Amino acid sequence: MSKEIQQWYGTGRRKESVARVFLRPGKGEITVNKKPIDTYFVRESLIQMLTAPLNTVGAGKDIDLYITVKGGGKTGQAGAIRLGISRALIERDVANRAALKSEGFLTRDARAVERKKPGQPKARKKSQFSKR
């Protein structure tokens, strides 16, 4: 008889990044794209940003996180992971929702790069006006 692994899942998106977050009971290890978190994210500020939901709920030491993320840059990926972790923590225990909602971790940041318009050098930049 196979032993079923208990895990919780959450998807996060930010800019062009998409993160899939799996929570499993464990020792507090965080793996991003099969690498330890401090190897994948070199900047300490990004690591603090994406572990903030765990600190809010107080669940950092008793669960392992297995994360796959693709697209965008490191900042967008960290934001996507934060949203994914928050959603997975709610799936694990619905009582966590109030604390995560008050901290703003459940809001999907919809800001993205504005598209470039035709006939213009950039999204907002116009060509210089010439009187003659």
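Numbers here are sequence positions counted from 1. Quick caveat, the model's predicted, so the values are computed rather than measured.
Here the OG-CD1 distance, from Ser86 to Ile81, works out to 11.5 Å after rounding to the nearest 0.5 Å. In this structure, CD1 in Ile67 is found 6.5 Å from CG in Leu50, a value given to the nearest 0.5 Å. Summarising the geometry, atom CZ belonging to Phe22 is positioned 11.0 Å from atom CG belonging to Leu65; distances are rounded to the nearest 0.5 Å. Rounding to the nearest 0.5 angstrom, the gap separating the NZ atom in Lys35 from the CZ atom in Phe41 is 11.0 Å. The line from OG1 of Thr68 to CD of Gln77 is 10.5 Å long, rounded to the nearest 0.5 Å.
Relative to the six-membered ring of Tyr40, Lys74 meets both conditions, a distance below 6.0 Å and an angle of at most 45° to the axis.
With hydrogens and angles ignored, the 3.5 Å screen pairs no side-chain donor or acceptor of Glu114 with any backbone N or O of Arg124. Judged by distance alone, the side chain of Lys117 and the main-chain N or O of Arg115 form a donor-acceptor pair under 3.5 Å. In this structure, Glu91 contributes its side chain and Tyr9 its backbone to a donor-acceptor pair below 3.5 Å. Counting only distance, with no hydrogens or angles, the side chain of Thr56 and the backbone of Ala52 share a donor-acceptor pair below 3.5 Å. A donor-acceptor pair under 3.5 Å is absent between the side-chain atoms of Thr31 and the main chain of Tyr66, judged by distance alone. Remark: side-chain polar atoms of Asn96 are not paired, donor with acceptor, to backbone N or O of Ile90 under 3.5 angstrom. Although no hydrogens or angles enter the test, the distance criterion places a donor-acceptor pair under 3.5 Å between the side chain of Asn33 and the main chain of Val69.
The nearest pair of heavy atoms linking Gly73 to Ser17 is O-OG, 3.9 Å. Taking every heavy atom of both residues into account, Gly10 and Arg87 meet most closely at CA-CB, 4.2 Å. Smallest separation of non-hydrogen atoms from Pro25 and Gln6: CD-O, 3.1 Å.
In this structure, the side chains of Arg82 and Pro53 come closer than 4.5 Å at one or more pairs of heavy atoms. For the pair Gln120/Lys126, a side-chain contact is recorded, criterion being any heavy-atom separation below 4.5 Å from C-beta on. Residues Arg108 and Leu83 form a side-chain contact, since some pair of their non-hydrogen atoms from C-beta on lies under 4.5 Å apart.
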Requested in this report: Determine, step by step, whether Lys61 and Lys27 satisfy the side chain to side chain contact (heavy atoms under 4.5 Å, CB included) criterion, reporting the C-alpha distance in whole Å, the side-chain angles of both residues, the deciding distance to 0.1 Å, and the verdict.
Outcome: CA-CA 6 Å; Lys61 302 291 183 205; Lys27 301 172 187 162; over 6 Å; no
Report task. Verify side chain to side chain contact (heavy atoms under 4.5 Å, CB included) between Arg43 and Thr75, making sure each step is shown before the conclusion. Result -> CA-CA 10 Å; Arg43 289 174 34 200; Thr75 306; 4.0 Å; yes
Query raised in the report: side chain to side chain contact (heavy atoms under 4.5 Å, CB included) between Thr11 and Val21: does it pass, once the steps are laid out?
Result: CA-CA 6 Å; Thr11 304; Val21 178; over 6 Å; no
Requested in this report: Kindly determine whether Leu106 and Arg97 satisfy side chain to side chain contact (heavy atoms under 4.5 Å, CB included), including the steps that lead there.
Outcome: CA-CA 8 Å; Leu106 298 179; Arg97 182 174 174 81; 3.7 Å; yes
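Hydrophobic clustering (ILVMFWY, side-chain heavy atoms < 4.5 Å, transitive): Ile85 and Met49 are in distinct clusters. Hydrophobic clustering (side-chain heavy atoms under 4.5 Å, transitive across Ile, Leu, Val, Met, Phe, Trp, Tyr) groups Ile63 together with Ile37. Taking hydrophobic clusters as Ile, Leu, Val, Met, Phe, Trp and Tyr residues chained together by side-chain heavy-atom distances below 4.5 Å, Phe105 shares a cluster with Ile47.
Salt bridge Arg24/Asp64: absent, no basic N to carboxylate O contact under 4.0 Å. Under the 4.0 Å criterion applied to side-chain N and carboxylate O atoms, Glu16 and Arg13 are not assigned as salt-bridge partners.
For Lys122, the NZ atom counts as loosely surrounded, since its 6.0 Å shell holds 12 or fewer non-hydrogen atoms of other residues, nucleotides or ligands. Sparse packing is recorded around NZ of Lys101, with 12 or fewer heavy atoms of other residues, nucleotides or ligands lying under 6.0 Å away.
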